[in-house]
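Below, each value reflects all heavy atoms present in this structure, side chains not excepted, and no hydrogens, waters or symmetry copies. One-based numbering, in listed order, for ligands and for the atoms of each.
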Amino acid sequence: MSHDRFYITTPIYYVNADPHVGHAYTTIMADIFARHHRQRGEEVFFLTGTDEHGAKIARAAEAAGHTPKAHADALSARFRDLGRVLEASNDFFIRTTDPKHIAEVQRLLAVMHERGDIYKGSYGGWYCTPCEAFYVEGELGDGNTCPIHGTPVEWLEEENWFFRLSAYRERLLAHFDAHPGWVVPGPRYNEARRMIADGLEDLSISRSQISWGVPVPWDPKQVIYVWVDALFNYWTALGYGAGPDGERFWPPDLQLMAKDILKFHAVIWPALLMAAEIALPERLAVHGYVLKGGEKMSKTTGNLVDPFPFIADYGIDALRYYLSREIRFGEDGTFSAEGFEARYTGELANELGNLLNRTVNMIGRYRDGVIPADRGLDTEIPAEIALRTDEIIAAFNTADVTRAVETAWVLVRALNRLVEQRAPWALAKDPAAGDALDQVLFTLAAGLKSVVVLLWPVIPGSAERALSSLGQDPAAVTLSDAIFGTGVAGARVTAILPLFPRVEGRPE
Ligand code: ME8
């Protein structure tokens, strides 16, 4: 990942129901990566969007009394709105109903067909519509239920087009063995490799009994299996959503998803790409589930948290911070209103917000609002900032968002300790301590500038407000702007309203 471009994706979300905190989670994590890589000076392409075909969507539309397209238009707009509210900086929003996506999927399928990787066969199996996937007997839960959703599966039998997935077993294993970091974290890599090693069945890639989908180019009575249509979005988007020469972003550097769709991304997706003769992604980062009350948040079970009230009450940066910090990236974690409030007040307001407030007020009171010059007396904080910056870069290189945020927070705490240890209010009373006071005020202002630049991917709006308050250009947020001390001395600070104000009451 040492090149100058960075292509990152989220799954494209099903438009069967409104978005919830689980979707917000992946989009926010992807946005944090995207912003961090922009800070490195890389040319970033960040893709998200909606998955709009298949039985699941057709049924949801029917239940709502709408045509599938009208239903998809309305729900897709909700996901797009969520992205805006999350301040996701995605460069494109793909919809699988986009005509250019459809045309390219058909072209790719025709290539695979011509190469002999697609044949006609008949298949009977247990189908879970919420998953849009078949399961074999051994995978089912009690009473013929889906292992992911716990809802009943249906017996589906029809004549379909099949993809020779089984023929790719050896090539897939070779790819896994040659690229030990291609799925992270490690347990997900092992799980996916085991699925392949245990044997692969060919995949039914068309449906004859539903019509809401992309027609198979040589057999238009069948539509392409929704997962094949959906997975190719990561490729098709570059053809029309990334400007001229969009293919320069291929292959994706980082593809995010939760573990529910590991098999599709780590087994089926690379085989489809091999069949279409397209290079494989560099890395898949598989995160855990956002839980509510110990269970996965899911549209199918209705165990949901609506992100909008939290954003309305606390601001988007609070949600971004909470999710990235509370839920260890790669593991399951619980979303709770109490936990949210505790981190908001204890960390964002009391540790970061107060630090900025105190720093700006003291510079106002003791130095007429102008950040004093560096007296060269502090070496510890600059060294710590340099060290932690390297650690943050390393954390992002291993797709560990939570460690990156925790590491930046070590610096917030170091600066708070500095205030307590040096007690600038006491230095201000001692006429002989002018240089010492200059130094601590400079170190606090410069340190804060570095910290908020490092935290910018996580809390972009608050970081920009903090930079303005410190007399800095709010748009100067590259990693070189995080180098301690640049452009700080002589800048004029401005007091602002608290970054993280007290919130009365809280969402349920
Ligand atoms: O699977 N915790 O769409 P989907 C964490 N259309 N992440 C969660 C989550 C939770 N509780 N709930 C949802 C699909 N997500 C397909 C994908 S891609 C070619 C097609 C996030 O609407 C997470 O990223 O069910 C998960 O993988 C995705 O939403 C599933 O979204």
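Here Leu256 has no heavy atoms under 4.0 Å from ligand 1, in either its backbone or its side chain. Contact annotation for Phe264 and ligand 1: no heavy atom of the residue comes within less than 4.0 Å of the ligand. At a heavy-atom cutoff of 4.0 Å, ligand 1 is contacted by both the backbone and the side chain of Val290.
Of the polar atoms of Pro11, none of the N or O atoms is found under 3.5 Å from an N or O of ligand 1, judged by distance alone. Residue-to-ligand polar distances keep Met257 apart from ligand 1: every N/O pair is separated by 3.5 Å or more. Residue Tyr25 has no N or O atom closer than 3.5 Å to an N or O atom of ligand 1. For ligand 1, the polar-atom distance check against Tyr14 finds a nitrogen or oxygen pair separated by under 3.5 Å. Every N/O-N/O distance between His265 and ligand 1 stays at or above 3.5 Å.
Relative to the six-membered ring of Tyr225, Arg207 meets both conditions, a distance below 6.0 Å and an angle of at most 45° to the axis.
Listed by atom number, the atoms of ligand 1 under 4.0 Å from Met297 heavy atoms are 10 (C), 11 (N), 12 (N). Of all the atoms in ligand 1, the ones that sit under 4.0 Å from a non-hydrogen atom of Asp51 are 6 (N), 16 (C), 20 (C). Taking every heavy atom of Tyr289 and a limit of under 4.0 angstrom, the matching atoms of ligand 1 come to 2 (N), 5 (C). Heavy-atom proximity to Ala230, at under 4.0 Å, picks out these atoms of ligand 1: 19 (C).
Under 3.5 Å, the side chains of Trp456 and Glu464 contain a donor-acceptor pair of N or O atoms. Side-chain contact annotation: Tyr321 with Glu347, donor-acceptor N/O pair under 3.5 Å present. His36 and Arg40 share a side-chain donor-acceptor pair at under 3.5 Å. A donor-acceptor contact closer than 3.5 angstrom is absent between the side chains of Glu406 and Thr402. Judged by distance alone, the side chains of His53 and Thr97 never bring a donor and an acceptor atom under 3.5 Å apart.
By the 30° and 60° cut-offs, the orientation of the rings of His113 relative to Trp218 is parallel. Using the six-membered ring where Trp is involved, His23 and His20 have ring planes that are tilted, between 30° and 60° apart.
Screening Ile268, Leu109, Asp117, Val228 for a side chain to side chain contact (heavy atoms under 4.5 Å, CB included) with Phe163, the sole residue that qualifies is Asp117.
Residue nearest to atom 16 (C) of ligand 1, selected from Ile12, Asp260, Thr27: Ile12 (by heavy-atom distance). Of the candidates Gly22, Pro130, Pro19, it is Gly22 that places a heavy atom closest to atom 9 (C) of ligand 1.
Under the 4.0 angstrom criterion for non-hydrogen atoms, Tyr234 is in contact with ligand 1. Note on ligand 1: His287 sits in its first shell, one or more heavy atoms being nearer than 4.0 Å. At least one heavy atom of His20 sits closer than 4.0 Å to an atom of ligand 1.
Scanning the protein heavy atoms around atom 24 (O) of ligand 1, the nearest turns out to be Thr26 OG1, 2.7 Å. With hydrogens left out, the protein atom closest to atom 31 (O) of ligand 1 is Tyr13 CD2, 3.7 Å, a heavy atom.
No side-chain donor-acceptor contact under 3.5 Å links Asp51 to the backbone of Tyr13. The closest donor-acceptor contact from the side chain of Arg78 to the backbone of Pro19 lies at 3.5 Å or more, if one exists at all.
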### Query
After noting the C-alpha distance and the side-chain angles of Trp126 and Tyr135, does the key distance pass the ring pair (Phe, Tyr, Trp, His ring centres under 6.0 Å) rule?
CA-CA 5 Å; Trp126 294 104; Tyr135 288 100; over 10 Å; no
